[in-house]
Amino acid sequence: MGWFTKLLKGSDHKILRGQYHGKYGEDRIWDNHHSSMDDLTDIEKEDIDRAIALSLSEEDHKGKKVVHYDSQSEDEELCKIDDDEEDEHLVKVHLDEDERLAKIQQQEEERLAKTQQDERLAKIQQEDERLAKAQLEEDEQLARAIQESLKIGSPPRYDNDSSILSFPHLFPPGYRICAGCKTEIGQGRFLSCMGGVWHPECFCCHACHLPITDYEFSMSSNRPYHKACYREKHHPRCDVCKNFIPTNSSGLIEYRAHPFWLQKYCPSHELDGTPRCCSCERMESRDTKYLLLDDGRKLCLECLDSSIMDTHECQPLYLEIQEFYEGLNMKLEQQIPMLLVERQALNEAMEGEKNGHHHLPETRGLCLSEEQTVTTISRRPRIGAGYRAIDMITEPYRLIRHCEVTAILVLYGLPRLLTGSILAHEMMHAWLRLKGYPNLSPEVEEGICQVLAHMWLESELYSGTGNDGASSSASSSSSSSPSSSVSTKKGKRSDFEKKLGEFFKHQIESDTSSAYGDGFRLGNQAMLKYGLKRTLDHIHMTGSFPY
């Protein structure tokens, strides 16, 4: 049976099982290598046939060697040949059976490999479904987190408070209540924002009451707005050009605001020549009319209503200030001239004055102690074309020194309350010089003069409210003297003029200079604590405020 053994050795092909290559997420390649007798090459088949023939030849050769010429030997030989043929037949039967069993085994292995492949594919599909489900849950959690983050309150510094509006989604049906109409939301589109769910037609702007369909919206006081509606309602407008105040390079809204009038205006208006009233310091809208004075100052029409334009017109107010000082037991015995002058005349007089301290950048009043000639306004100007002051008459006035003070000068064209506070300030300078007070530091002298100006403003503002003319701070200075500073100006003071008086008080109180601002605060504190008379006595003896 050596040929059969050789046959088996010549066919050494192995049956390979299918192998899975790669990993999840990459391309999957299934290799299924198999072999069978049908898949043998022609050369292999020829080798098998040659082996069979060689085996048969060997058997035939062996049989010929034992041939005998007697009948018994012949019978034995024939019997042996028959046995060999039977053996050969049995070998062929066994070979066919082996081939059949090999085919059955190969088919079984192929079926088993296919079953294993199907199981692997099923497992891979299940893993894909599990990962997809996990990803979906993660996305839903992220969506809920984003929706929760949209639960914000009203915005701070108009700080560009935009929220993102979730697009309408198609979700599985559930029990949802619309935050707008309070009815159930069934299947279909809905919005999820501001901590609730909405029908698309129920999520409306609080200003125009129309549905918000934009991707972004704005919020104020936990109420939604179209961005355009929010801008119209909450974005600050410039009080000068009436346009929306633009954002700066950082995307922030930057504007200027007056500390008292609370005007908001674009920063560019401080550099583009927009006029500002020389009295109230407001920068009004471009269509507002201003009176252009001869010295270049601009006066708004509201301040013009109570303005004092010439020396003669200012005399009644000067008498009121003198009466105010008398009410404080601070009467001036000398008659001191008081003149209204233009800015140029005031500056020229200031240059010729050796004494005194001046409030820069602009001086509005001056107490003179030197002899000189001053140009004063003898008749108020009239308003001509283009709101210009015209036909103003001036005349020179020669100042002669009869005492330590030769005159008090005040800038013309200012409202009555501002003119009066300047007069009260300069008259205090005159009183200190005439009463022989030593040379004081700017902080003490200007500070106490500002205290008197502030007291007079208070007396004017509170005189119409039932107070006894002077302010409470003035009455605290001398209990033995009656307060008498009731305004002689006829007619009820307008609301704007009252507001203007408050502004002039605010200017004195918030002044940042060391002489006028810090000096006022120290002097006012001492006066409120010790009274005006004791404060002045302390200044006369020590040259400083009492503590």
Side-chain angles (χ1 to χ4, degrees), residues 236-243 245 255-311 313-314 317 340-344 346 359 361-365 377 379-392 410-423 425 453 456-457 460-461 487 489-511:
R237 285 183 179 270
C238 175
D239 291 328
V240 175
C241 63
K242 305 302 181 184
N243 296 325
I245 296 178
Y255 58 85
R256 301 291 184 265
H258 195 283
F260 182 82
W261 302 106
L262 303 180
Q263 280 184 312
K264 299 182 181 68
Y265 54 89
C266 305
S268 59
H269 296 317
E270 293 186 338
L271 305 173
D272 61 6
T274 300
R276 187 190 296 269
C277 178
C278 65
S279 170
C280 64
E281 296 185 355
R282 291 180 301 171
M283 187 180 288
E284 300 198 29
S285 59
R286 290 176 175 173
D287 55 354
T288 301
K289 300 294 184 181
Y290 285 85
L291 176 65
L292 182 61
L293 301 177
D294 282 355
D295 52 15
R297 290 177 293 141
K298 297 178 178 66
L299 191 67
C300 72
L301 299 186
E302 289 177 301
C303 290
L304 178 63
D305 286 341
S306 61
S307 64
I308 298 178
M309 290 293 186
D310 61 45
T311 301
E313 186 180 4
C314 192
L317 179 60
L340 255 61
V341 297
E342 294 181 275
R343 176 191 286 173
Q344 182 179 357
L346 189 64
H359 196 184
E362 181 179 51
T363 298
R364 294 174 173 177
I377 301 173
R379 194 182 73 177
R380 65 178 295 142
R382 64 183 183 86
I383 300 175
Y387 278 83
R388 297 183 65 90
I390 61 173
D391 297 340
M392 182 174 65
V410 178
L411 190 64
Y412 91 103
L414 300 177
R416 177 182 176 276
L417 290 177
L418 180 55
T419 304
S421 67
I422 295 171
L423 270 174
H425 177 100
W456 181 83
L457 282 171
E460 286 293 298
L461 292 176
S487 175
K489 188 175 180 64
K490 296 182 179 180
K492 185 178 180 181
R493 187 174 290 120
S494 66
D495 292 337
F496 174 77
E497 190 175 3
K498 294 177 183 177
K499 189 73 174 178
L500 196 60
E502 294 291 345
F503 168 64
F504 298 144
K505 277 183 56 184
H506 170 80
Q507 277 189 313
I508 295 174
E509 294 164 355
S510 61
D511 197 309

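What you see is a predicted model; the values in this text were computed from it and never measured. In this chain, residues are counted from 1 in sequence order.
Note that Arg297 lies in the cation-pi zone of Tyr412, set by a 6.0 Å cut-off to the ring centre and a 45° limit from the axis.
Separation of atoms CG (Leu461) and CG (Leu417) is listed at 6.5 Å; rounding is to 0.5 Å. Atom CG of Leu457 and atom CD1 of Ile508 lie 5.0 Å apart (nearest 0.5 Å).
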Discussion item. With side chain to side chain contact (heavy atoms under 4.5 Å, CB included) as the criterion, how do His269 and Cys238 come out once you've worked through the C-alpha distance, each side chain's angles and the decisive distance to 0.1 Å?
Written reply: CA-CA 10 Å; His269 296 317; Cys238 175; 3.3 Å; yes
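For the pair Asp391 (side chain) and Arg382 (backbone), a donor-acceptor distance under 3.5 Å is absent. No side-chain donor-acceptor contact under 3.5 Å links Glu302 to the backbone of Phe496. The backbone N or O of Leu414 sits nowhere less than 3.5 Å from a side-chain atom of Ser307 that would complete a donor-acceptor pair. Between the side chain of Thr311 and the main chain of Leu340, a donor-acceptor pair closer than 3.5 Å is present. Between the Ser421 side chain and the Ala453 main chain, no donor and acceptor come within less than 3.5 Å of each other. Judged by distance alone, with hydrogens and angles left aside, the side-chain atoms of Asp310 form a donor-acceptor pair with the main-chain N or O of Arg380 at under 3.5 Å.
More than 12 heavy atoms of other residues, nucleotides or ligands lie within 6.0 Å of CD in Glu270, so this atom counts as buried by the packing criterion. Dense packing is recorded around CZ of Arg237, with more than 12 heavy atoms of other residues, nucleotides or ligands lying under 6.0 Å away. Within a 6.0 Å radius of CZ in Phe260, more than 12 heavy atoms belonging to other residues, nucleotides or ligands are found.
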Quiz: residues 499-507 side-chain donor-acceptor pairs under 3.5 angstrom, not counting sequence neighbours:
{"unit_1": "Gln507", "atom_1": "NE2", "unit_2": "Glu281", "atom_2": "OE2", "d": "3.0"}

